[in-house]
Amino acid sequence: MAITAIRGFNDILPSEIGKWQFVEKMAREVFENFGFSEIRIPVLERTELFARGIGEATDIVEKEMYTFADKSGNSLTLRPEATASMARAYLEHQLYTFDPVAKLYFIGPMFRYERPQKGRYRQFYQIDAEVFGVGNPVVDAEVILMLIHFLRRVGLEKLELQLNSLGCRSCRPRYKEGLKADLDEKSFQLCEDCQRRLQSNPLRIFDCKVQTCQDAIADAPKVIDFICDECASHFDKVKEYLGIAGLDYHLTPRMVRGLDYYTRTAFEVVSYDLGSQNAVTGGGRYDNLFQEIGGLDVPGIGFAIGMERLISLLPKDREFIQYPHLFIASPGKETHREAYRLANQLHVEGIRAEFDYEGKSLKSQMRRADKLKARYVLILGEEELKKGRAVLRDMQDKSQQELPMPDIVETLKRKVFGH
RNA sequence: GUGAGUGUAGCUCAGUCGGAUAGAGCACUGGGUUGUGGCCCCAGUGGUCGAGGGUUCGAGUCCCUUCACUCACCCCA
């Protein structure tokens, strides 16, 4: 094999594509019912946008970005996520002059330079939805509701919605100090990584899988015990609105998020069928992002769904492939031309028809029709064709009928479209 | 970036203690039926044994190096 795709970049083959098309179609349908509009953003942005938006100290910016200089020396980066670009577009095109509230969604590939593993690839696809311009907790709930509705629509069950509040710029630093003070006393039982995290980002210790670290942090203070009155009230309202909608959630005080811009509401949907990378989707509120990249003070909230992870959870028994309605078998040179002509006519009529390209035997053509799972086969026999007739075979019940050629298109339409 | 595991036909795999021409099933092509699919039967195509080096009379098998893939860590969707 001469040339292969590069590490972490995958082909999505025809046998899989039906699932992708289905998921994208459902996302568009559901999100648009909730009043969201699609936006399309560039694959490349100035590196600065992500460095400032996502945060210089995050793993994404520090070590996971595809960054390079273009021919004029500008530092460009393949987008590692969509939110910063969408916020940039909102500001750049001043969408707030039409309506301060913008409800946007985006579907497309993201790029992060990480070692691939199950559910993680260097090019991976996200479905992203964001609401800009509303700080009211009712949209936090609405966005989560839409997300859960979408996941159910595509057939996912056994999901767990995890919910937390991360506080804001005024109360989170206070919490970090409190946490740090508590853990400083037990730092001897923290692993090497967590010793480092204690200084750089103590919240991350919650994610550590080392048992002694988990023991150390078990009775550590929680974010929600430290958040300010405004954040607490916001969080209460979110929970209240979710309750009104009858949505179950798990409070996960230990869930933290890796991007700097998150504030207040944070959520994840996890599935235990996914392996180590168990988050199907994650999101939250980010009331500081806009100021980081542009100066305007615009609140935002949204989520990103990992499409590969979502697709791996789709019900297995569902059929996503469209098989041909008809295979036209043409044993003999005379009939081959008629097969070609008829197939083209049927395509125009909306019937998926295949025919033999290589002058193979009838047996061989029948085998191919069977392999392609064609529902019907039209056999263009030399003798029948001379009389202006052909044989239509139903591959499921094996029944055959001989029809006059002029009736064939209408007969097929009736059988295929059922009227 | 770190760790572990795996590399033999398109796919899933077997290949004994280092021994002769590297096998099976599935898939593919053709035939058994001169014009009828699936099941069955027969035949055929298909291999740099991941790559390079070493040990040996002899390497798919042992050793070294390297590459790829997979899973996990870090972190995220």
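Numbered from 1 within each chain, the chains take letters A, B, ... in sequence-line order.
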Side-chain donor-acceptor pairs under 3.5 Å in residues 132-140 of chain A, sequence neighbours left out?
residue, atom, partner, partner atom, Å
Asn136(A), OD1, Val138(A), N, 2.9
Asp140(A), OD1, Arg285(A), NE, 3.2
Asp140(A), OD1, Arg285(A), NH2, 2.5
Asp140(A), OD2, His234(A), NE2, 2.9
Asp140(A), OD2, Thr265(A), OG1, 2.6
Asp140(A), OD2, Arg285(A), NE, 3.1

Please tell me which of the listed nucleotides, [options], lies nearest to the side chain of [X]?
{"X": "Lys371(A)", "options": "U29(B), A77(B), U36(B)", "result": "U29(B)"}
{"X": "Arg309(A)", "options": "C75(B), C71(B), A77(B)", "result": "A77(B)"}
{"X": "Lys118(A)", "options": "C71(B), C69(B), A77(B)", "result": "C71(B)"}
{"X": "Asp59(A)", "options": "C75(B), C71(B), G31(B)", "result": "C75(B)"}
{"X": "Gln277(A)", "options": "C69(B), C73(B), G37(B)", "result": "C73(B)"}
{"X": "Gln117(A)", "options": "A72(B), C75(B), U36(B)", "result": "A72(B)"}

Could you give the distance separating [M] and [N] at their [atom1] atoms, to the nearest angstrom?
{"N": "U56(B)", "M": "C11(B)", "atom1": "C1'", "answer": "35 Å"}
{"N": "A4(B)", "M": "U45(B)", "atom1": "C1'", "answer": "39 Å"}
{"N": "U33(B)", "M": "G47(B)", "atom1": "P", "answer": "32 Å"}
{"N": "G46(B)", "M": "C63(B)", "atom1": "C1'", "answer": "32 Å"}
{"N": "G52(B)", "M": "C41(B)", "atom1": "P", "answer": "40 Å"}
{"N": "A68(B)", "M": "U21(B)", "atom1": "P", "answer": "34 Å"}
{"N": "A9(B)", "M": "A24(B)", "atom1": "P", "answer": "14 Å"}

What is the nucleic acid contact for [X], judged by heavy atoms within less than 4.0 Å: base, sugar-phosphate only, or nothing?
{"X": "Gly282(A)", "value": "sugar-phosphate"}
{"X": "Ala369(A)", "value": "nothing"}
{"X": "Val377(A)", "value": "nothing"}
{"X": "Arg368(A)", "value": "nothing"}
{"X": "Gly283(A)", "value": "nothing"}
{"X": "Thr58(A)", "value": "nothing"}

Phosphate OP1/OP2 of [N]: any [X] side-chain N/O under 4.0 Å:
{"X": "Ser276(A)", "N": "C73(B)", "answer": "yes"}
{"X": "Arg112(A)", "N": "C75(B)", "answer": "no"}
{"X": "Arg7(A)", "N": "C69(B)", "answer": "yes"}
{"X": "Ser361(A)", "N": "G31(B)", "answer": "yes"}

Practice task
Could you tell me how the ring of Tyr66(A) sits relative to the ring of Phe9(A): parallel (under 30°), tilted (30 to 60°) or perpendicular (over 60°)?
Solution key: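 Tyr66(A) and Phe9(A): perpendicular rings.
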
Exercise for the section: Measure centre to centre between the rings of Trp20(A) and Phe320(A), then say whether the value is under 6.0 Å. Expected result: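 Ring centres of Phe320(A) and Trp20(A) not closer than 6.0 Å.
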
Practice task
Decide if the gap between the ring center of Phe327(A) and the ring center of Tyr376(A) is smaller than 6.0 angstrom.
Solution key: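 No, too far apart.
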
Exercise for the section: Return the value, rounded to whole Å, for the distance between atom CG of Leu274(A) and atom P of C71(B). Expected result: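 Going from Leu274(A) (CG) to C71(B) (P), I get 12 Å.
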
Practice task
Establish whether the base of G30(B) is bridged to the side chain of Lys360(A) by a donor-acceptor pair shorter than 3.5 Å.
Solution key: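 Answer no: no donor N or O sits under 3.5 Å from an acceptor.
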
Handout entry: Of residues 382-407 of chain A, the positions that come close to RNA chain B - non-hydrogen atoms, cut-off under 4.0 Å
Key =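 Of all residues in residues 382-407 of chain A, the ones placing a heavy atom under 4.0 Å from RNA chain B are Glu382(A), Glu383(A), Glu384(A), Arg393(A), Met395(A), Lys398(A), Gln400(A).
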
Practice task
Check for a donor-acceptor pair, side chain of Asp356(A) on one end and backbone N or O of Lys360(A) on the other, with a separation under 3.5 Å.
Solution key: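 Checked: pair present.
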
Handout entry: Residue among Glu383(A), Glu402(A), Glu338(A), Glu384(A) satisfying salt bridge (charged side-chain N to carboxylate O under 4.0 Å, His left out) with Arg389(A)
Key =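 Result for salt bridge (charged side-chain N to carboxylate O under 4.0 Å, His left out) with Arg389(A): Glu402(A).
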
Exercise for the section: Could you run through RNA chain B and flag its stems, i.e. three or more consecutive Watson-Crick or G-U pairs with both distances under 3.5 Å? Expected result: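 If one scans RNA chain B for consecutive Watson-Crick or G-U pairs, the stems found are B:1-7 with B:67-73, B:10-13 with B:23-26, B:28-32 with B:40-44, B:50-54 with B:62-66.
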
Handout entry: Any donor-acceptor N or O pair under 3.5 Å, side chains Glu160(A), Tyr249(A)
Key =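 No, no side-chain donor-acceptor contact under 3.5 Å.
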
Handout entry: Pairwise distance CZ(Arg341(A)) to NE2(His336(A)) - rounded to 0.5 angstrom
Key =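 Those atoms lie 14.0 Å apart.
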
Practice task
Between Ala304(A) and Ile6(A), just flag the one whose closest nucleotide in RNA chain B comes earlier from the 5' side.
Solution key: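 By nearest-heavy-atom nucleotide position, the 5'-most residue is Ile6(A).
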
Problem - Side-chain touch Phe290(A)/Tyr90(A), heavy atoms, less than 4.5 angstrom - result: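 A side-chain contact under 4.5 Å exists here.
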
Exercise for the section: Report, as yes or no, whether the 6.0 Å neighbourhood of atom CD on Gln322(A) holds more than 12 heavy atoms from other residues, nucleotides or ligands. Expected result: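 Open.
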
Problem - Residue Arg174(A) excluded, over 12 heavy atoms near CZ under 6.0 Å - result: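 Atom CZ in Arg174(A) is packed in, count exceeds 12.
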
